Amino acid sequence: MSVWVYPGSFDPVTLGHMDIIRRASVLCDKLVVAALHNTSKNSRFTLQERTDMLRTCTQGMPNVQVESFGGLLVDFAHQIGAQALIKGVRNGTDFDLELQLAFLNARIGGDLETVFLPTGAQYAWISSTYAREIATLGGDLRALLPSQIIDFVKANINR
Ligand code: PNS
């Protein structure tokens with residue numbers, strides 16, 4: 001059974017992330033979406049909130065499972081028996097960074113593969129950072145975020 005891991009901060013999950021989740025989930029038997037628990041990286045939303053938002057948005061996707069992880073991604077991938085990491089790529093900057101991480105993860109993670117998926121062109125400009133900025137300033141989030149989480153993000157962004 002092919003198990004792939006899609007890691008990220010998902011602070012919050014965007015339409016770009018959802019595009020990758022949807023497309024990756026048809027390429028493997030099980031897709032584990034893994035939200036990073038990282039005390040050194042300040043997230044606007046708590047780990048619980050980020051995984052709750054992911055679960056809400058992936059309801060009805062039977063082979064998608066939402067988890068969280070701390071420590072090394074390769075260790076988490078091995079623990080759950082994954083064969084590959086999946087990364088969405090929006091542009092050359094993403095690709096340069098992700099290629100370095102793919103080399104690194106292959107070196108420290110043994111036979112763990114990295115699969116790159118180009119983000120759907122209509123989502124290539126979206127980032128969680130922009131979504132947080134627009135939410136903070138009271139703008140329209142419909143082009144950036146899944147509809148199910150917009151009210152929650154708006155209500156909790158400025159707390
Ligand atoms: O959504 P993000 O913040 O771009 O995701 C980054 C992520 C979670 C993929 C990356 O930070 C990661 O893999 N962190 C886990 C720690 C790790 O394995 N580090 C080794 C590479 S430096």
Side-chain angles (χ1 to χ4, degrees), residues 2-25 27-28 30-58 61 64-120 122-136 141 143-146 148-150 152-153 156-157:
S2 59
V3 180
W4 291 6
V5 179
Y6 179 37
S9 301
F10 304 110
D11 188 34
V13 58
T14 67
L15 289 175
H17 295 132
M18 289 308 301
D19 173 58
I20 298 294
I21 291 171
R22 229 174 272 115
R23 288 161 55 215
S25 71
L27 299 175
C28 59
K30 178 162 125 182
L31 181 68
V32 176
V33 181
L36 177 69
H37 172 60
N38 186 346
T39 45
S40 68
K41 189 170 174 179
N42 277 334
S43 298
R44 181 69 67 95
F45 295 98
T46 66
L47 182 63
Q48 185 67 53
E49 289 170 335
R50 288 181 282 128
T51 53
D52 283 350
M53 286 189 273
L54 279 165
R55 289 197 176 102
T56 298
C57 295
T58 56
M61 302 173 84
V64 175
Q65 189 178 313
V66 175
E67 301 287 349
S68 58
F69 76 104
L72 284 176
L73 175 58
V74 295
D75 290 342
F76 173 74
H78 285 139
Q79 273 163 30
I80 64 165
Q83 302 87 27
L85 308 172
I86 176 104
K87 298 292 187 88
V89 178
R90 291 168 296 190
N91 49 44
T93 307
D94 276 357
F95 186 69
D96 282 347
L97 173 66
E98 293 301 344
L99 190 59
Q100 290 302 316
L101 289 176
F103 292 146
L104 182 155
N105 286 325
R107 183 70 180 82
I108 66 173
D111 49 8
L112 201 56
E113 296 285 0
T114 296
V115 177
F116 295 126
L117 264 190
T119 302
Q122 69 271 44
Y123 305 119
W125 57 278
I126 296 175
S127 69
S128 295
T129 306
Y130 289 152
R132 291 194 303 271
E133 174 90 5
I134 291 169
T136 302
L141 290 165
L144 293 92
L145 297 184
Q148 306 97 300
I149 65 166
I150 288 179
F152 177 81
V153 168
N156 290 282
I157 196 78

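Computed from a prediction, not measured in an experiment: that's the story for all the values here. The residues of the chain are indexed from 1 along the displayed sequence. Atoms within each ligand, like the ligands themselves, are counted from 1 in listed order.
Atom numbering of ligand 1 starts at 1 in the shown order; those under 4.0 Å from a heavy atom of S9 are 1 (O), 2 (P), 3 (O), 5 (O). Interface atoms of ligand 1 facing L73, defined by a heavy-atom separation under 4.0 Å, are 13 (O), 17 (C), 18 (O). Residue contact check: L72 has heavy atoms under 4.0 Å from atoms 17 (C), 18 (O), 19 (N), 20 (C) of ligand 1.
P146 places a side-chain heavy atom less than 4.5 Å from the side chain of L15.
Scanning for side-chain contact (heavy atoms from CB on, under 4.5 Å) contacts around F95 gives V89, L99, F116, with sequence neighbours left out. Residues meeting the side chain to side chain donor-acceptor pair (under 3.5 Å) test with N105, sequence neighbours left out: none.
The aromatic rings of F152 and F45 sit tilted, their planes meeting at an angle between 30° and 60°.
In this model, a donor atom of one side chain and an acceptor atom of the other lie less than 3.5 Å apart for D52 and Q48.
Here L36 has side-chain heavy atoms under 4.0 Å from ligand 1, and that is the only part of it that gets that close. Residue-level proximity to ligand 1 for L101 is carried by the side chain, the only part with a heavy atom below 4.0 angstrom.
For the pair G71 and ligand 1, a heavy-atom separation below 4.0 Å is found.
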